[in-house]
Amino acid sequence: MNAPLSFAELSARQRVQHLLDAGTFTEILGPAQRVVSPHLALLGVPYAFDDGVVIGSGMLQGQPVLIAAQEGEFMGGGVGEVHGAKLVGLLRRALLVRPAAVLVCAESGGVRLHEANAGLIAVSEVMRALLDVRAAGIPVVMLIGGANGCFGGMGLIARCADHVVMSDQARMSMSGPEVIESSHGVEEFDSRDRALVWRTTGGKHRFLMGDCDRLVEDDVAAFRQAAAALLGVSRALTLDGLLAEHQLLTQRIARFEGCSDAVDVWSRMGLEHPEQVTDMEAAQMQSLRNEHVQEAV
Amino acid sequence: MNWQSLVQALFGDAHTIERSGDVISGAAQLRGQTLTVVGTTDHAAIGVETALAQAKVVLDTVQNHPGRAIVLLVDTQGQRLRHRDELLCINRYMAHLGCCVDLARRSGHRIIGLVYDQALSGGFITSGLMADACYALPEAEIRVMRLPAMSRVTKINEDVLEALSQSNPVFAPGVANYVAMGGIQSLWNGDLRDCMLQALSDSNLRDQRADLGAARGGRRLAAKVAQQVVSA
């Protein structure tokens with residue numbers, strides 16, 4: 001057994017290399033092709049030769065997959081025109097080559113402000129392209145484990161996918177805590193209270209609530225194992241499925257009314273020692289969820 | 001334009017559209033067609049309840065009125081910025097709305113988005129931007145962020161942003177920029193009924209926005225890059 005290799009600490013390109021079978025990754029529109037954002041240069045901002053997202057094809061346990069990985073170190077993984085178009089293109093390509101899955105290592109603050117309009121439109125284009133892939137019976141798997149989390153438009157995209165895998169260090173949400181704090185004050189959401197931020201948006205809470213399907217340790221091998229188990233496992237969006245989702249989301253509002261903290265939520269779920277959740281390992285979390293959680297739709 | 005004037009201009013009295021909280025919904029008649037109308041008003045902050053209420057109308061239409069076209073009316077200040085919404089996973093609620101719209105399209109419903117007042121940031125991604133095509137009134141406002149705030153966050157001088165925004169539609173507020181980039185199909189001028197009927201008859205299952213952006217010169221790379229990836 002190899003020592004764990006932190007998924008969070010790897011670059012996007014390294015994540016792809018470690019997730020896939022050794023030597024199988026072929027990048028599409030890689031840095032050598034210099035497909036860059038024309039807008040950043042106009043603003044005098046550094047640009048990247050891959051526009052912050054690595055895409056391509058490869059094998060996972062001998063099965064063909066398409067893969068994308070956002071680079072959180074470049075503009076926070078923000079979605080601009082080219083970045084978004086690479087994701088859209090990869091998803092459309094999936095309809096042609098029919099891989100066993102499309103894997104997306106999501107690490108993004110959402111729309112890239114420097115290209116805000118293009119990014120906003122691109123996020124919805126990615127959503128539509130993703131749902132086309134999902135409707136074609138090809139699973140889209142979101143792997144969320146980067147230090148920058150998965151926020152804004154990428155948080156929306158993540159919840160359109162067939163499966164969401166997170167590490168306990170990962171966060172998935174809509175608005176960043178800083179934005180909420182600056183809008184409604186520190187009493188609303190103290191963005192510097194790291195424990196509060198993780199309780200609210202982190203992998204453990206999302207897993208207990210069923211908003212992510214698998215919780216893994218911050219180890220690239222664990223992500224690889226989780227992704228491999230989901231190859232070919234598609235969850236079609238149907239009217240019945242969305243009606244059930246609707247019921248689940250409606251009941252959730254009533255069930256957790258008045259809860260002001262994730263610990264209140266876990267307590268109301270029936271956890272005997274909700275205060276211990278933050279210290280638990282991913283494996284313990286699985287048995288806790290099996291006991292207490294309505295299955296996600 | 002407020003929603004009552006809009007609905008009056010589109011449907012006269014031939015509708016059952018009512019307001020409940022920030023959500024407006026109902027059925028309307030337009031030259032022999034029955035439409036489902038759903039949306040928000042008062043610059044609604046889209047929270048978990050607002051997203052769910054809109055999703056319910058879309059699901060009800062798919063379930064009970066096969067083929068009926070759906071009109072999404074947009075007036076939002078963006079997603080609700082509250083701790084509680086994040087605790088409940090607001091992105092799942094908003095994505096659910098988007099998935100319901102997508103299911104409706106796949107089930108044979110034409111879906112028209114219309115920004116009749118303002119559309120800010122994430123509030124509109126999973127409604128109007130998930131329609132077959134989204135339109136706007138000329139006086140509508142669409143933006144992610146105003147230039148002064150954008151200047152603070154990006155640390156780029158506001159004068160630089162202002163000057164660049166004259167020639168590049170990629171970041172500055174304004175419906176014209178969204179038209180140039182293909183995110184808005186067109187602005188509705190003149191008789192709104194004619195505009196709606198035209199939109200219904202032009203509705204198309206294929207996402208054409210990147211192609212439109214290229215043809216209009218506002219977004220030159222999106223369609224080209226996506227195609228390069230497909231054919232690589």
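Model, not experiment: these values are computed from the prediction.
Residue Ala172(B) touches chain A through its backbone alone, counting heavy-atom pairs closer than 4.5 Å. Looking at Ala158(A), there are no atoms closer than 4.5 Å to chain B (heavy atoms on both sides), in backbone or side chain. There is no contact between Ser107(B) and chain A, counting heavy-atom distances below 4.5 Å. Using a 4.5 Å cut-off between heavy atoms, Ser183(A) contacts chain B through its side chain alone, with no backbone atom that close. Only the side chain of Ile55(A) comes within contact range of chain B, judged by heavy atoms closer than 4.5 Å. Contact of Leu42(A) with chain B is made through backbone and side chain together, with heavy-atom distances under 4.5 Å. For a residue to count as touching a neighbouring chain, one of its non-hydrogen atoms must lie under 4.5 Å from one of that chain's; by this rule Leu196(A) touches chain B with the side chain only. Using a 4.5 Å cut-off between heavy atoms, Ile28(A) contacts chain B through its side chain alone, with no backbone atom that close. Looking at Thr26(A), neither its backbone nor its side chain comes within 4.5 Å of chain B, counting heavy atoms on both sides. Of the two parts of Leu52(B), the backbone and the side chain both hold a non-hydrogen atom closer than 4.5 Å to a non-hydrogen atom of chain A. Of the atoms belonging to Val164(A), not a single heavy atom falls under 4.5 Å from chain B. When heavy atoms are compared at a cutoff of 4.5 Å, Ser260(A) approaches chain B solely by way of its backbone atoms N, CA, C and O. Neither the backbone nor the side chain of Val126(A) comes within contact range of chain B; no heavy atoms are under 4.5 Å apart. For Arg206(A), the part lying near chain B is the side chain, with the backbone staying farther off; criterion is any non-hydrogen pair under 4.5 Å. Both the backbone and the side chain of Leu88(B) come within contact range of chain A, with heavy atoms under 4.5 Å apart.
Chain B forms the most heavy-atom pairs under 4.5 Å with one residue out of Ile157(A), Val82(A), Leu131(A), Val88(A), and that residue is Leu131(A). Ranked by non-hydrogen atom pairs under 4.5 Å with chain A, the options Asn177(B), Val144(B), Val170(B) are led by Val170(B). Interface remark: of the candidates Asn168(B), Ile90(B), Val160(B), Ile184(B), Asn168(B) forms the most heavy-atom pairs closer than 4.5 Å to chain A. Between chain B and the options His184(A), Met172(A), Lys86(A), the largest number of non-hydrogen pairs under 4.5 Å is found for His184(A). For the set Gln63(B), Lys224(B), Arg82(B), the entry with the most heavy-atom pairs within less than 4.5 Å of chain A is Arg82(B). Note on His114(A), Gln33(A), Arg92(A): by heavy-atom pairs under 4.5 Å with chain B, the leading option is His114(A). Across Arg106(B), Gln227(B), Met181(B), Met94(B), the residue that shares the most heavy-atom pairs under 4.5 angstrom with chain A is Arg106(B).
Although no hydrogens or angles enter the test, the distance criterion places no donor-acceptor pair under 3.5 Å between the side chain of Arg199(A) and the main chain of Leu87(B). No donor-acceptor pair closer than 3.5 Å links the side chain of Asn117(A) to the backbone N or O of Arg143(B). Remark: the backbone N or O of Met174(A) is not paired with any side-chain donor or acceptor of Gln79(B) at under 3.5 angstrom. Looking only at distances, no side-chain donor or acceptor of Asn91(B) sits under 3.5 Å from a matching main-chain atom of Gly152(A). Judged by distance alone, the side chain of Arg128(A) and the main-chain N or O of Ala131(B) form a donor-acceptor pair under 3.5 Å. Under a 3.5 Å cut-off, the side chain of Arg93(A) and the backbone N or O of Val230(B) do form a donor-acceptor pair.
Around the CZ atom of Arg146(B), the shell of radius 6.0 Å holds no more than 12 heavy atoms that belong to other residues, nucleotides or ligands. At most 12 heavy atoms of other shown residues, nucleotides or ligands fall within 6.0 angstrom of atom CD in Glu257(A). Within 6.0 Å of OH in Tyr47(A) there are 12 or fewer heavy atoms belonging to other residues, nucleotides or ligands. In this structure, Leu205(B) places its CG atom where only 12 or fewer heavy-atom neighbours from other residues, nucleotides or ligands lie under 6.0 Å away.
When every heavy atom of Cys99(B) is checked against every heavy atom of Cys160(A), the shortest pair comes out as SG-SG, 4.0 Å. Closest approach of Thr238(A) to Leu103(B), counting heavy atoms only: C-CD1, 4.0 Å.
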Under the side-chain contact (heavy atoms from CB on, under 4.5 Å) criterion, do Arg92(B) and Glu245(A) qualify, and how do the steps go?
CA-CA 10 Å; Arg92(B) 180 168 178 173; Glu245(A) 171 82 354; 2.8 Å; yes

Would Val35(A) and Leu221(B) count as a side-chain contact (heavy atoms from CB on, under 4.5 Å) here? Give the steps.
CA-CA 9 Å; Val35(A) 181; Leu221(B) 283 177; 5.8 Å; no

Stepwise side-chain contact (heavy atoms from CB on, under 4.5 Å) check, Leu113(A) with Phe171(B):
CA-CA 7 Å; Leu113(A) 267 186; Phe171(B) 59 83; over 6 Å; no

Show the numbers, then the answer: is there a side-chain contact (heavy atoms from CB on, under 4.5 Å) between Leu249(A) and Val48(B)?
CA-CA 9 Å; Leu249(A) 294 178; Val48(B) 292; over 6 Å; no

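A side-chain donor-acceptor contact under 3.5 Å links Ser124(A) and Arg209(B). Side chains of Glu86(B) and Thr200(A): a donor-acceptor N/O pair is absent below 3.5 angstrom, by distance only.
Counting heavy atoms from C-beta on, the side chains of Ile253(A) and Tyr93(B) come closer than 4.5 Å. Side-chain contact between Arg80(B) and Ser175(A) is absent, with no heavy-atom pair separated by less than 4.5 Å.
Distance check: Leu164(B) CG to His39(A) NE2 gives 11.0 Å after rounding to the nearest 0.5 Å. Ile142(B) CD1 to Leu120(A) CG: the interatomic distance, rounded to the nearest 0.5 Å, is 9.0 Å. Between Thr154(B) atom OG1 and Arg112(A) atom CZ the span is 13.0 Å, to the nearest 0.5 Å.
With respect to the salt-bridge test (charged N to carboxylate O, under 4.0 angstrom), the residues Arg84(B) and Asp261(A) do not qualify. A salt bridge between Arg220(B) and Glu81(A) is absent, with no side-chain N of the basic residue lying under 4.0 Å from a carboxylate O of the acidic one. Electrostatic pairing of Glu125(A) and Arg219(B) counts as a salt bridge here, judged by a charged N lying under 4.0 Å from a carboxylate O.
Between His246(A) and His96(B), the ring planes lie tilted relative to each other; the angle falls in the 30° to 60° range.
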